[in-house]
A.B. asks: 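Next up is a structure, given as structure tokens.
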Amino acid sequence: TMGLLAAFLISALLVRPVSLVKHSLKYFFTETPGAQSIPEFVAVAFVDEVQIGDSNSVREAKPKKDWIKFFEDHPQDLEWYRFQSNEIHQFLKATIETLRRRLNHTEGVHILQRMSGCEWDDETGEINGYDQYGYGGVDFLAFDSQTLTWIAPKPQAVITKMRWDSHKPGLESTKNFIAHQCPEFLKEYLQYGRSFLQTTVFPSVSLIQKTSSSPVSCHATGFYPDRAVMFWRKDGEEIHEGVDPGESLPNNDGTFQMSIDLNVSSVTPEDWQRYDCVFHLSGMNEDMITKLDKTVIRTNREKPADTVTFISAAVVVLTLTIVTGVAFVAYKKKKGEKSESPDDGSEQSERLNPQS
Ligand SMILES: *[C@@H]1O[C@H](CO)[C@@H](O)[C@H](O)[C@H]1NC(C)=O
Ligand SMILES: *[C@@H]1O[C@H](CO)[C@@H](O)[C@H](O)[C@H]1NC(C)=O
């Protein structure tokens with residue numbers, strides 16, 4: 001029936017309205033003394049997940065293309081960042097030495113990371129800030145701005161925690177940075193970057209399979225910004241089994257690509273139509289849905305087909321118009337299932353204002 005079809009369509013569309021009210025400014029610092037192939041120190045800054053600049057131990061802070069003009073007009077901001085980066089470099093270097101001695105880590109390459117930043121919700125005005133350190137790739141210390149203390153998740157961090165906790169000016173400046181300075185910078189950057197930060201470009205999506213026994217790769221290329229999630233669904237439900245997600249990678253033109261594989265070896269021919277691949281760009285209401293369909297798969301064996309399924313906003317709106325309230329309930333339930341922010345949970349470390 002029409003109602004059932006509509007209900008199926010709406011669950012298949014999985015529209016996830018995301019508004020860009022949450023903004024963020026993030027700083028990452030990585031100290032890796034003694035590594036041959038990578039610089040000893042790397043600093044990177046992001047606004048709303050878009051990189052604004054970087055620096056390393058052999059090169060001073062350098063803004064990315066879109067931000068050059070901003071820093072030409074605000075030389076003091078660049079100066080501040082360069083000064084802070086250098087301070088942090090020295091601080092991380094000294095800290096990693098201390099840790100290596102204290103923990104008897106005399107051999108090999110060690111890595112100390114620092115991540116600090118803030119989030120600002122421009123609807124509620126809520127501000128959240130953080131400052132975290134990672135040592136050897138695991139959480140080391142995190143700042144608690146309520147109690148003005150450092151949290152040590154591992155016994156090996158306790159001595160450092162106690163030393164930093166006893167350094168009141170350091171605690172105050174950390175708090176001041178994440179609660180005041182960082183949000184001020186963020187607002188300033190957002191004001192300047194309003195036009196291009198909200199630029200979004202949809203990719204082209206295709207299905208690729210090397211041989212008939214290989215996984216089917218759903219490949220999206222040409223999207224911007226680098227804030228996308230991809231997943232496979234069966235009967236409209238996200239699946240993880242047999243799915244191998246890939247990282248997003250930069251293209252030469254400033255856009256990004258990403259792919260996600262599905263092992264189809266145990267999928268029967270009649271079940272193929274139950275699967276689809278979803279590409280979701282954060283901040284956009286419409287997703288790109290690609291049905292698992294043998295006829296559109298590009299392979300090395302035959303001439304590539306050229307079909308890309310793009311569910312446009314118009315189709316979404318049209319579908320929404322047909323669909324009854326029942327379908328909306330189903331859609332709302334579905335919406336809550338998955339967190340929409342593909343935030344990196346993997347990186348630890350950094351922030352400005354060393355504790356030393
Ligand atoms: C480091 O080595 C010294 C001497 O070899 C030892 O006394 C100390 O307990 C070691 N510390 C740790 C954290 O393993
Ligand atoms: C796909 O799944 C089958 C079992 O269902 C397994 O034997 C095979 O190794 C998997 N292929 C890949 C590429 O993971």
A.B. asks: Where does the angle between the aromatic ring planes of Phe91 and Tyr133 fall among parallel (under 30°), tilted (30 to 60°) and perpendicular (over 60°)?
C.D. replies: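 Perpendicular.
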A.B. asks: Can you see which heavy atom on Leu78 is nearest to which on Pro63, and at what distance?
C.D. replies: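 Closest heavy-atom pair between Leu78 and Pro63: CD1-CG, 4.3 Å.
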A.B. asks: Heavy-atom count check: over 12 atoms from other residues, nucleotides or ligands less than 6.0 Å from Gln76 CD?
C.D. replies: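 Atom CD in Gln76 is crowded, with more than 12 foreign heavy atoms closer than 6.0 Å.
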A.B. asks: Students often mix this up, so state it plainly: with edges at 30° and 60°, are the rings of Tyr135 and His105 parallel, tilted or perpendicular?
C.D. replies: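 Taking His105 first and then Tyr135, their aromatic rings lie parallel (interplane angle under 30°).
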A.B. asks: Could you pull out the closest heavy-atom pair between Gln273 and Lys291, with the gap in Å?
C.D. replies: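 Looks like O-NZ, 3.4 Å.
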A.B. asks: Any side-chain heavy-atom pair from Val42 and Asp54 closer than 4.5 angstrom?
C.D. replies: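 Val42 vs Asp54: side chains apart.
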A.B. asks: How long is the straight-line distance from CG of Leu141 back to CD of Gln156, given to the nearest 0.5 Å?
C.D. replies: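 Interatomic distance, Gln156 CD to Leu141 CG, rounded to 0.5 Å: 9.5 Å.
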A.B. asks: Could you tell me how the ring of Phe70 sits relative to the ring of Tyr189: parallel (under 30°), tilted (30 to 60°) or perpendicular (over 60°)?
C.D. replies: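 Plane angle over 60°, so perpendicular.
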A.B. asks: So for atom CD, which belongs to Glu270, do other residues, nucleotides or ligands contribute more than 12 heavy atoms lying within a distance under 6.0 Å?
C.D. replies: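 Enclosed.
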A.B. asks: Hey, would you say the Phe279 and Trp232 ring centroids sit under 6.0 Å apart?
C.D. replies: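 Not close enough - the centres of the two rings lie 6.0 Å or further apart.
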A.B. asks: Between Thr98 and Ala94, is there a donor-acceptor pair closer than 3.5 Å when you use the side chain of the first and the backbone of the second?
C.D. replies: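 Answer holds: yes.
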A.B. asks: Would you indicate whether Lys69, at its atom NZ, is surrounded by more than 12 heavy atoms from other residues, nucleotides or ligands within a distance under 6.0 Å?
C.D. replies: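 Check fails, neighbour count at 12 or below.
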A.B. asks: How long is the straight-line distance from CG of Asp144 back to CG of Asp131, given to the nearest 0.5 Å?
C.D. replies: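 So the gap between those two atoms works out to 12.0 Å.
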A.B. asks: Please determine whether a side-chain nitrogen of the Lys or Arg among Glu40 and Lys93 lies less than 4.0 Å from a carboxylate oxygen of the Asp or Glu.
C.D. replies: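 Yes, Glu40 and Lys93 are salt-bridged.
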A.B. asks: In terms of relative ring orientation, are Tyr224 and Phe256 parallel, tilted or perpendicular, with 30° and 60° separating the classes?
C.D. replies: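 Geometry flag for Phe256 against Tyr224: parallel rings.
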A.B. asks: Report yes if some heavy atom in the side chain of Lys154 is under 4.5 Å from a heavy atom in the side chain of Asp139; otherwise report no.
C.D. replies: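 Sidechains of Asp139 and Lys154: no contact.
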A.B. asks: Glu188 versus His74: any side-chain heavy-atom pair under 4.5 Å?
C.D. replies: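 Glu188 vs His74: side chains touch.
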A.B. asks: Rounded to the nearest 0.5 Å, how far does CG of Leu25 lie from OG of Ser116?
C.D. replies: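 Between atom OG of Ser116 and atom CG of Leu25 there are 8.0 Å.
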A.B. asks: Going from NZ on Lys234 to CG on Asp276, what distance comes out if it is rounded to the nearest 0.5 angstrom?
C.D. replies: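 Result: 12.5 Å between the selected atoms.
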A.B. asks: Taking all atoms of both residues into account, what is the closest heavy-atom pair of Ala228 and Met258, and its distance?
C.D. replies: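 Result for this residue pair: O-CE, 3.5 Å.
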A.B. asks: Any donor and acceptor pair, going by atom type alone, linking the side chain of Arg274 with main-chain N or O of Asp235 inside 3.5 Å?
C.D. replies: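 A pair under 3.5 Å: no.
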A.B. asks: Return yes if some donor-acceptor pair links the side-chain N/O of Ser214 with the main-chain N/O of Thr211 below 3.5 Å, else return no.
C.D. replies: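 Yes; at least one donor-acceptor contact below 3.5 Å.
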A.B. asks: Would you say the ring centroid of Trp80 lies under 6.0 angstrom from that of Phe185?
C.D. replies: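 Yes, the ring of Trp80 comes within the 6.0 Å limit of the ring of Phe185, centre to centre.
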A.B. asks: Take atom CZ of Arg82 as the centre, draw a 6.0 Å sphere, and report whether it contains more than 12 heavy atoms from other residues, nucleotides or ligands.
C.D. replies: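 Check passes, neighbour count above 12.
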A.B. asks: Working to the nearest 0.5 angstrom, can you tell me the gap between Glu31 CD and Phe41 CZ?
C.D. replies: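 Reported value, rounded in 0.5 Å steps: 6.5 Å.
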A.B. asks: Taking the side chain as every heavy atom from C-beta outward, state whether Val216 and Leu292 have any atom pair closer than 4.5 Å.
C.D. replies: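 Val216 vs Leu292: side chains touch.
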A.B. asks: Evaluate whether atom NZ of Lys161 has more than 12 neighbouring non-hydrogen atoms of other residues, nucleotides or ligands under 6.0 angstrom away.
C.D. replies: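 Yes - once you tally the heavy atoms of other residues, nucleotides and ligands closer than 6.0 Å, there are more than 12.
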A.B. asks: Count I, L, V, M, F, W, Y as connected when their side-chain heavy atoms are under 4.5 Å apart, and connections chain through other members. Are Ile159 and Phe143 then in the same cluster?
C.D. replies: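 As far as the 4.5 Å side-chain criterion goes, Phe143 and Ile159 are not connected within one cluster.
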A.B. asks: Is the shortest heavy-atom distance from the side chain of Ile96 to the side chain of Leu92 under 4.5 Å?
C.D. replies: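 The answer is no; the side chains never approach within 4.5 Å.
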A.B. asks: Side chains of Met284 and Phe223: closer than 4.5 Å at any heavy-atom pair?
C.D. replies: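 The answer is no; the side chains never approach within 4.5 Å.
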A.B. asks: Quick check for you: to the nearest 0.5 Å, what is the distance between Leu171 atom CG and Asn176 atom CG?
C.D. replies: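 Answer for the CG-CG pair, Leu171 versus Asn176, is 12.5 Å.
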A.B. asks: Give a yes or no on whether Trp150 and Leu103 share a hydrophobic cluster (residues Ile, Leu, Val, Met, Phe, Trp, Tyr; joining criterion: side-chain heavy atoms under 4.5 Å apart).
C.D. replies: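 In one cluster with Trp150: Leu103, yes.
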A.B. asks: Do Pro245 and Met230 have side chains that get closer than 4.5 Å, going by heavy atoms?
C.D. replies: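 The answer is no; the side chains never approach within 4.5 Å.
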A.B. asks: Between Asp121 and Lys22, does any NZ, NE, NH1 or NH2 come within less than 4.0 Å of an OD or OE carboxylate oxygen?
C.D. replies: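 No, Lys22 and Asp121 are not salt-bridged.
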A.B. asks: Side chains of Ser55 and Tyr81: closer than 4.5 Å at any heavy-atom pair?
C.D. replies: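 Touching, per the 4.5 Å side-chain cut-off.
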A.B. asks: Given side chain to side chain donor-acceptor pair (under 3.5 Å), test Asp261 with Ser217 step by step and report yes or no.
C.D. replies: CA-CA 4 Å; Asp261 291 357; Ser217 180; 3.0 Å; yes
